[in-house]
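A note on names: the letters A, B, ... follow the listed sequences, proteins ahead of strands, and every chain is numbered from 1.
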Amino acid sequence: MPFIPHTKSETEEMLAAIGVSDINQLFDEIPDNLRINDLPGIPETLSELDVTRLMKSRAAQDEAGLCFIGAGAYEHHIPSAIFDLISRGEYLTAYTPYQAEASQGTLQLIYEYQTMMAQLTGMDVSNASLYDGASALAEAIFMAIRLNKKSTSKRILLPANVHPHYRETVKSLVEPQDILLTDIPFDPATGRIQIEALQALEGQDISALVISQPNFFGVLEDVDALVSWAKARDILVIAVVNPTSLALLKPPGEWGETGVDIVCGEGQPLGVPLASGGPYFGFLACKQAHVRQMPGRIVGRTTDVDGKPGFTLTLQAREQHIRRSKATSNICTNQGLLVTAATIYMSLLGAEGIRRVAASSHEHTVTLRNLLTAIDGVDLAFSQPIFHECVLRLNQPVKEVLEKLAEQGIQGGLDLSPYYPELGQALLVCATETKTKEDLEAYSKAMQAIFK
Amino acid sequence: MPFIPHTKSETEEMLAAIGVSDINQLFDEIPDNLRINDLPGIPETLSELDVTRLMKSRAAQDEAGLCFIGAGAYEHHIPSAIFDLISRGEYLTAYTPYQAEASQGTLQLIYEYQTMMAQLTGMDVSNASLYDGASALAEAIFMAIRLNKKSTSKRILLPANVHPHYRETVKSLVEPQDILLTDIPFDPATGRIQIEALQALEGQDISALVISQPNFFGVLEDVDALVSWAKARDILVIAVVNPTSLALLKPPGEWGETGVDIVCGEGQPLGVPLASGGPYFGFLACKQAHVRQMPGRIVGRTTDVDGKPGFTLTLQAREQHIRRSKATSNICTNQGLLVTAATIYMSLLGAEGIRRVAASSHEHTVTLRNLLTAIDGVDLAFSQPIFHECVLRLNQPVKEVLEKLAEQGIQGGLDLSPYYPELGQALLVCATETKTKEDLEAYSKAMQAIFK
Amino acid sequence: MLIFEHSTPDRRAFAQAPQHSADTSDIPDNLLRKVPPMLPEVSELQVVRHYTRLSRKNFSIDTHFYPLGSCTMKYNPRAHRLAWLPGFADRHPLALPRFSQGIMSCLFELQEYLSKITGMAAVSLSPMAGAQGEFAGVAAIRAYHASRGDTERTEFLVPDAAHGTNPASAAMCGYTVKEIPTNAEGDVDIEALKAVIGPKTAGIMLTNPSTLGVFERRIKEIAQLIHGVGGLLYYDGANLNAIVGKTRPGDMGFDVIHMNLHKTFSTPHGGGGPGAGPIAVSERLKPFLPVPLVIKKGEAYEWLLSKDASQSIGRLSAFMGNAGVLLRAYIYIRLLGREGLIRVAEYATLNANYLMKALEKSGFKPAFPARRATHEFILSFQSTAKELGITAMDFAKRMLDEGIHAPTVYFPLLVPECMLIEPTETESKEQMDIFVQVMQRILEEAKQSPEKLHEAPVTLPVRRLDDVKAVKQLDVVYNDSL
Amino acid sequence: MLIFEHSTPDRRAFAQAPQHSADTSDIPDNLLRKVPPMLPEVSELQVVRHYTRLSRKNFSIDTHFYPLGSCTMKYNPRAHRLAWLPGFADRHPLALPRFSQGIMSCLFELQEYLSKITGMAAVSLSPMAGAQGEFAGVAAIRAYHASRGDTERTEFLVPDAAHGTNPASAAMCGYTVKEIPTNAEGDVDIEALKAVIGPKTAGIMLTNPSTLGVFERRIKEIAQLIHGVGGLLYYDGANLNAIVGKTRPGDMGFDVIHMNLHKTFSTPHGGGGPGAGPIAVSERLKPFLPVPLVIKKGEAYEWLLSKDASQSIGRLSAFMGNAGVLLRAYIYIRLLGREGLIRVAEYATLNANYLMKALEKSGFKPAFPARRATHEFILSFQSTAKELGITAMDFAKRMLDEGIHAPTVYFPLLVPECMLIEPTETESKEQMDIFVQVMQRILEEAKQSPEKLHEAPVTLPVRRLDDVKAVKQLDVVYNDSL
Ligand SMILES: Cc1ncc(COP(=O)(O)O)c(C=O)c1O
Ligand SMILES: Cc1ncc(COP(=O)(O)O)c(C=O)c1O
């Protein structure tokens, strides 16, 4: 029996010890009319060899050439060491570190992770992870509403240039609690948050403002001005950031005069494979003063009875297993293994390494942008400075262009028309450090052929 | 500096402590006329990302579809668990277990391996591995010559149906010691050792007879008769066997009345990837009485000062680091990691699992043989029973047939004409348990197309 | 030692980043970072050695018996590594569907399998863990009521034995949570239930078998009661391992269920996650399923997204939930197949009952001795605590010294000094017998030399940790050398 | 516990073998096995847990500092896993060359690189470890002499400091081995050498730097002497890490050299192997190189096999040696590149000299204090042995308790109570300093409480093992339950 070690005679011995004659008797408390004896529709067992063949043939269907899609999930080099380390059974097959003494590996690692994320974001503290970037933003919003005692509106300013999937997710997650999401339009020329739209809200009761840096279009916001504006009005600020950018760009902890209150985002760029969208991990960091409103697990350093330093889950009184319906969040299982990958990634690259990844990705995107916009029919959509991703406007339907590029083994980017019909035929492209000069030229050549 | 942790200031501090001003000064004992300062012709350093791209592009060139080549290296399913376990740094990055107390993992594993190999071959003892099957046969021959005190001839009977690469290797390795290799022809009808050729040697001084079961043609020898013949004449017997077969076929320890003296072979089928021919591992097992003439490392169980059982390298007085020019062999580094893989493989499959792999591979080859010999122009070369591999005779040049099959994504087998021109257009084919019915039919269809 | 303590300025794993620093001069200076973050500056060897050594401080399934109740810590077949095949690992979540048919076919089939296993009409795979599944399920119930203009239902019922995520999830959906007591036999107190249900009742969340390790026998009656007042039933599938192939939540009358794929479907939990918490729903909740879903049109698989699912509660993640975990669960189901899945519940239950019987014989006190254990069962250490001053926690810590991961302690909250033991089906009879011996040995010790239990653990990297200090002198980031 | 002790009849990891037993009725009954071998009968979880736990009883580079002299235990960059890419891992050794151009291009380039690094004319990659490389090299020398009809040369010279494989390999080639003594400074005793060379001299095997951790300064003179009598020079490249990019064996006058790729080129040694021992030769030995070689014809790579290499010493393995190890070495060279390779010798030498200096200051006795250390150096514990009764082995065992793998002890044989220390370039200054502190601490202990050293190790899975019993009561296979 695959994965079940019992031999026939052991099973019989065990049944005898229990005092039943048949294994099905163990289910005798289930009312007869609820019993089933089969699982029709589930295929027969396969050996590992057969499953391997099956999965290889499925995976082979999905190999798709050079990827220039970004849009919240980025192809970066993942150091080989990461795979070997996170495949170690001790990390891979442990549960949540409930027994601290038997989980010091995972606990210390999370403490190191928290430290790294605090450093990267410029904040004081970080939690141990949330599900992903989008749900992390929802949690940040809940947190901001709990924190902003001066506001009673439960109103959040959510700019339209925040990742549309994040906005959808936030909507699903926060709406049942009667939280009000107010769209803030972006400036059609720059792609940045429209300051006038904010000014129009002057005097209204607002709990928090969300700022994405870079925003979904890859465009850099004037974060200092935005934070100053919000802070002057007792509006909390939530930053949504790409962690790779933080070794290069000013961290949210330094935006404006005071820095933001909460930082969240998608951790995937830090050593996690694209893998169809998950498992990734959401990160969340905040100021020290806010730590007790932070959702999710937090690891703290303490000492054992001999005074030896050690690590343990802490501030658990915020969490659902103790606080139940009054908890800061319902999250329990989070994304520990991906945090393990990210912690190793950050250790291997260090600040300078991540900065180089960011800079190189940026340079590649700029080069690609220049190559592509040199083509007749391809224009830049926005004028502002970007970070490692940008929007192009085409004079042909993007969907068809992408199909044609795909035939050349190029995944050309994301078609923005379903999300922002007002932008016309808009294409979001990204070239990370994984792309070579030849790759960029291959893209540009393929594009030239389509547009000539 | 990749993989070197020294910072500039550390290097300076260290140089100062040594009392030199420049790192190159450390090489001042090398005569000036021997010094170089560069390595022209070695390419510039690449990042791991670049090396990954490079190796992926090289590997992609070598993906070649369904493999029906056997000939001493067999494609079997390798359980996923093996890769994860042997990738653990504790196995992967340890050296030879010279410090036994700090190497109990590797040592116990080898002890378990020795036990498994002794069981599989039906012999009393096994060593900890040799390089590969071919060199293991050479070592077995040296061993036999040391052991056979009744013979002074240093003469070995090496049938022509032993793997031709093994025969080549043996020749390279044993000839410098003036060992005499006598070819024994095979019966052109059956592919088996020609008994008459042996009988013709009656009365001559012979040290040992080599028997391959199955032989290179996949044909099964009448091992009992051969062993009885040799034993009656004080000729030692060396068996060369495929370990997968040993769960199904009579083990060498039971051949004839007494069993053979030495068993060797290629361990690759036990969980080691094809990988272009290596690293694999050679195994060697023998009767208890011969253990002190066995080359290579051997692990023994003993106790520590507290009486607790533990494992250590033993019988080291046979080895080169102690016995130097009088050693049983010069081998030092062997194939430990592959032994690790094989030990895990044998544990996972057990006797019944390996028997099933053998039986299924055999059945597939028989099915394929039947499908192919139904084609006009494809005939069976030999009449005897086989194990999981067989020789076909074609009425077309094999090289061209293989090229055509390759175009259909089929690696059709090994062209025997360079090795055995006397066999005409002969093709050696093998279908292991990894092949499905559809695979076999695909081969047969492609062959039909070529022969019609 | 922390990784930061291995750090030296200017050191790095140089092979891992681009060799040359690229041009970023087009980014305005005021948007650039001036002081780099203080991340570790270490070599590749230092990183590998540090995190290899650190890992060795963990217990895990691969190294230790781990009978952590409610968590189903069974063997994770290593074939899960197939989810790392390049076609899967390198696929961008927004790749065109025509380069996604491989994974989409797996996800589509997984949806089908899960709906068959649960007896439900449809499945959404996107929730990223059990708790998010709970949110999704309760939100779907909320959307259902709303769609019918049934807006006065403000209360959700949750038994006192429930996992903390249940009340928290209901609250996240805006509901007031009402706790339902449990009777002495471990079943829901039906009289108490009757007393609270009514027009305000939006629904109830139940785990069956419950977190008490017993099967709720009157489930049909409960379903009738709830449905009778217009409420719906939510099934917390954390304990699905106890019933796969034996009974189906759909038949019990549930309207929605989440499954923890990292439990019943054996995807590795990675020291805290990832998991996946797909939900399955009855026909009436189908329109409200969260997106994306995978649908089949002719031979092609397509994504069903918000724009084509007007009543959907929407999206719960940026992309497709924990897609890689879903793949691993798919692999697991294919490996076990129909026969294998049925055996899961059988042998999980066999192990639990065998162990409960043997421990009872050895003097331990099952919380519900008259009941059949399901895949797990509870011991109460109330008497040891009173008589010997030895708590369930003392016992648990001593077990660590014996090389066994402690079972869940102090959950569920309503059983005093409780220990929830879940051996799972992949552990052998030998392991059960060893567990019993260890428990007997510790019990003996508790009587002879109780201090050994108070002092435990003594063989691990640290001894008992000061949790109070951890809260009072909060130290959650390293600052010393930074 | 042995894996066999977890065994129970009829148990198995069922997912790993074909589900149904196939037909083998065409195999004659007298050739079939009647009693199955007693292999373990265990579940997949049992196997994974057993071998995971077992691994944790090993020291390794990834877990411990491992300054094992002569073995070059440096960091193995994890990029070596690229050798497992399906195109490489699944390639059959006898696949048609047109499906082999990927690996053949790597091997061809590796041949080129190694010949440049050593200053030799040509390379054969097939030897499977250093010792086989030695055999191949000496056999090539033998074939060279034979090809010239020069058949009276029966002696091979080997310094007394040489590794055991050197004399053993020469003997395997049918030579009588003559030992050459070493002088007080660690160099070959040239006068003694002169005394033995002559018309019988086939050649000499030298390691430079020698196993004594010093560079043989008069190598040119030695080469002239040997060549003068018609002999050839063999270079044991085990210590190549000390000189890459700084000097080349070819320039020193050597005719053939083997390289241990698992040392200088950092392929993982796997607890005993695999390794690879390519040889590089001067122009005159080129025709004798073992096959297969990779050659380039136009744009295509081809195998050069015996039939096209009539003077070759032949084949040394069934296929292409340890091809996977060769790939890993290729990856390593590409990662480091020209500049990186030169740094290897520099920093390996820096670490060794720094460590030697610091230890000397701490009261330890370098064997050759007047000499520059190369990438390794020797301490002699002769005085501690005499004065305190503490041997090099006692010291070594106590180091294990301190979490450091002991350096090589009692090799080379000619230095009494010796310890050969090789830190390698991938270890940090901190690690050097920790090593010194540990040595000081143990030395203090040796004086204050010597029994602690005699009793060491005490923190490992076992204490000191009885090697004599291991030989006398030989127990090399498990029989108890079988
Ligand atoms: C009974 C029960 N319900 C719900 C959950 C929450 O599931 P998850 O951790 O996947 O969010 C758990 C997890 O431990 C559980 O045991
Ligand atoms: C100096 C020296 N020569 C030769 C060898 C033999 O090399 P291998 O183990 O690769 O056969 C070694 C190995 O330790 C060595 O140190």
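- Side chains of A:Asn24 and C:Glu346 form a contact here, defined as non-hydrogen atoms less than 4.5 Å apart.
- For the pair A:Gln320/C:Ser169, no side-chain contact is recorded, criterion being any heavy-atom separation below 4.5 Å from C-beta on.
- Only the side chain of A:Ile298 has a heavy atom closer than 4.5 Å to any heavy atom of chain C.
- Considering only heavy-atom pairs separated by less than 4.5 Å from chain C, the leading option among A:Ile322, A:Thr333, A:Thr106 is A:Thr333.
- Using a 4.5 Å cut-off between heavy atoms, A:Asp224 touches chain C through its side chain atoms alone.
- With a threshold of 4.5 angstrom between heavy atoms, A:Asp306 approaches chain C through side-chain atoms but not through N, CA, C or O.
- Considering only heavy-atom pairs separated by less than 4.5 Å from chain C, the leading option among A:Ile69, A:Leu414, A:Val299 is A:Ile69.
- Using a 4.5 Å cut-off between heavy atoms, C:Tyr66 touches chain A through its side chain atoms alone.
- Of the two parts of C:Met172, the backbone and the side chain both hold a non-hydrogen atom closer than 4.5 Å to a non-hydrogen atom of chain A.
- Two residues are said to be in side-chain contact when any heavy atoms from C-beta on lie closer than 4.5 Å; C:Phe59 and C:Leu460 meet this criterion.
- A:Gln411 contributes no side-chain N or O that, together with a main-chain N or O of A:Cys67, makes up a donor-acceptor pair within less than 3.5 Å.
- Taking CZ of A:Arg297 as the reference point, atom OG1 of A:Thr314 lies at 12.5 Å (rounded to 0.5 Å).
- In this structure, chain A has heavy atoms under 4.5 Å from both the backbone and the side chain of C:His92.
- For C:His269 and C:His262, the ring centers are positioned less than 6.0 Å apart.
- With a 4.5 angstrom heavy-atom cutoff, A:Glu266 does not touch chain C via any of its atoms.
- For C:Ser55, the parts lying under 4.5 angstrom from a heavy atom of chain A are both the backbone and the side chain.
- The aromatic rings of A:Phe83 and C:Trp84 lie perpendicular to each other, with more than 60° between the two planes, well past the 30° mark.
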Report the C-alpha separation of A:Glu112 and A:Thr343 in whole Å, then their side-chain angles, then the decisive distance to 0.1 Å, and conclude whether the side chain to side chain donor-acceptor pair (under 3.5 Å) test is met. CA-CA 7 Å; A:Glu112 293 176 356; A:Thr343 305; over 6 Å; no
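- Proximity to chain A is limited to the side chain of C:Asn76, based on heavy atoms less than 4.5 angstrom apart.
- Only the backbone of C:His20 comes within contact range of chain A, with at least one heavy atom under 4.5 Å from a heavy atom of that chain.
- At a 4.5 Å heavy-atom cutoff, A:Pro418 makes no contact with chain C through either its backbone or its side chain.
- For the set C:Asp466, C:Leu341, C:Ile333, the entry with the most heavy-atom pairs within less than 4.5 Å of chain A is C:Asp466.
- Both the backbone and the side chain of C:Leu94 have a heavy atom closer than 4.5 Å to some heavy atom of chain A.
- When A:Val51, A:Asp132, A:Val366 are compared by the number of non-hydrogen pairs under 4.5 Å with chain C, A:Asp132 comes out ahead.
- For C:Asn260, no part sits under 4.5 Å from any heavy atom of chain A, backbone or side chain.
- Between C:Leu336 and A:Thr45, every side-chain heavy-atom pair lies at or beyond the 4.5 Å cut-off.
- Within the 4.5 angstrom heavy-atom criterion, no atom of C:Lys307 approaches chain A.
- With a 4.5 Å cut-off on side-chain heavy atoms, C:Met320 and C:Pro93 do not count as touching.
- Considering all non-hydrogen atoms of both residues, A:Leu315 and A:Val291 come closest at CD1-CG2, 3.8 Å.
- The shortest side-chain heavy-atom distance between C:Cys173 and A:Gln177 does not fall under the 4.5 Å cut-off.
- When each of C:Ala83, C:Ala139, C:Ser21, C:Pro36 is scored by its heavy-atom pairs under 4.5 Å with chain A, the top score falls to C:Ser21.
- Using a 4.5 Å cut-off between heavy atoms, A:Tyr98 contacts chain C through its side chain alone, with no backbone atom that close.
- For C:Arg142, the part sitting under 4.5 Å from any heavy atom of chain A is the side chain, from C-beta outward, and nothing else.
- Ranking A:Leu337, A:Thr93, A:Thr302, A:Thr96 against chain C, the residue ahead of the rest is A:Thr93, based on heavy-atom pairs under 4.5 Å.
- Using a 4.0 Å cut-off between charged nitrogen and carboxylate oxygen, A:Glu352 and A:Arg356 count as a salt-bridge pair.
- Shown here are the ring-ring contact (aromatic ring centres under 6.0 Å, His included) partners of C:Phe411, two or more places apart in sequence or in another chain: C:His163.
- For A:Thr11, the parts lying near chain C are the backbone and the side chain together; criterion is any non-hydrogen pair under 4.5 Å.
- At a cut-off of 3.5 Å, with distance as the only test, no side-chain donor of C:Ser60 or A:Arg88 sits close to an acceptor on the other residue.
- Contacts of C:Arg81 with chain A are made by side-chain atoms alone, with heavy-atom separations under 4.5 Å and no backbone atom involved.
- Partners of C:Tyr347 under the ring-ring contact (aromatic ring centres under 6.0 Å, His included) rule, at least two apart in sequence or in another chain, are A:His6.
- Contacts between C:Glu427 and chain A at a heavy-atom distance below 4.5 Å involve the backbone alone (N, CA, C, O).
- Heavy-atom pairs under 4.5 Å with chain A were tallied for C:Ile219, C:Leu32, C:Val244, C:Asn30; the largest tally goes to C:Leu32.
- Heavy-atom distances place the side chain of A:Ile23, and not its backbone, under 4.5 Å from chain C.
- A:His163 and C:Phe319 have perpendicular rings, their planes meeting at more than 60° on a 0 to 90° scale where under 30° would count as parallel.
- Of the listed residues (C:Lys429, C:Arg371, C:Gln473, C:Lys246), the one with the most heavy-atom contacts under 4.5 Å to chain A is C:Lys246.
- Taking the six-membered ring for Trp and thresholds of 30 and 60 degrees, A:Phe3 and C:Tyr75 have ring planes inclined between 30 and 60 degrees apart.
- Donor-acceptor pairing under 3.5 Å is lacking for the side chains of C:Ser306 and C:Arg315.
- Using a 4.5 Å heavy-atom threshold, the side chains of A:His362 and C:Asp26 count as touching.
- Proximity to chain C (any heavy atom under 4.5 Å) is shown, for A:Tyr91, by both the backbone and the side chain.
- Only the side chain of A:Leu85 comes within contact range of chain C, judged by heavy atoms closer than 4.5 Å.
- Considering A:Ile344, A:Val339, A:Leu92 as possible partners of A:Ile86, the one that fulfils the side chain to side chain contact (heavy atoms under 4.5 Å, CB included) test is A:Ile344.
- The greatest number of non-hydrogen atom pairs below 4.5 Å with chain A, out of C:Lys116, C:Arg372, C:Met128, C:Lys57, is found for C:Arg372.
- Ranked by heavy-atom pairs shorter than 4.5 Å toward chain C, the options A:Gly353, A:Ala60, A:Ser347, A:Pro385 are led by A:Ser347.
- Note on C:Ala170, C:Pro274, C:Ala129: by heavy-atom pairs under 4.5 Å with chain A, the leading option is C:Pro274.
- Only the side chain of C:Lys357 comes within contact range of chain A, judged by heavy atoms closer than 4.5 Å.
- Using a 4.5 Å cut-off between heavy atoms, A:Glu433 touches chain C through its side chain atoms alone.
- Only the side chain of C:Lys397 comes within less than 4.5 Å of a heavy atom in chain A; its backbone stays farther off.
- For the options A:Gly133, A:Ala71, A:Pro273, heavy-atom pairs under 4.5 Å to chain C are most numerous at A:Pro273.
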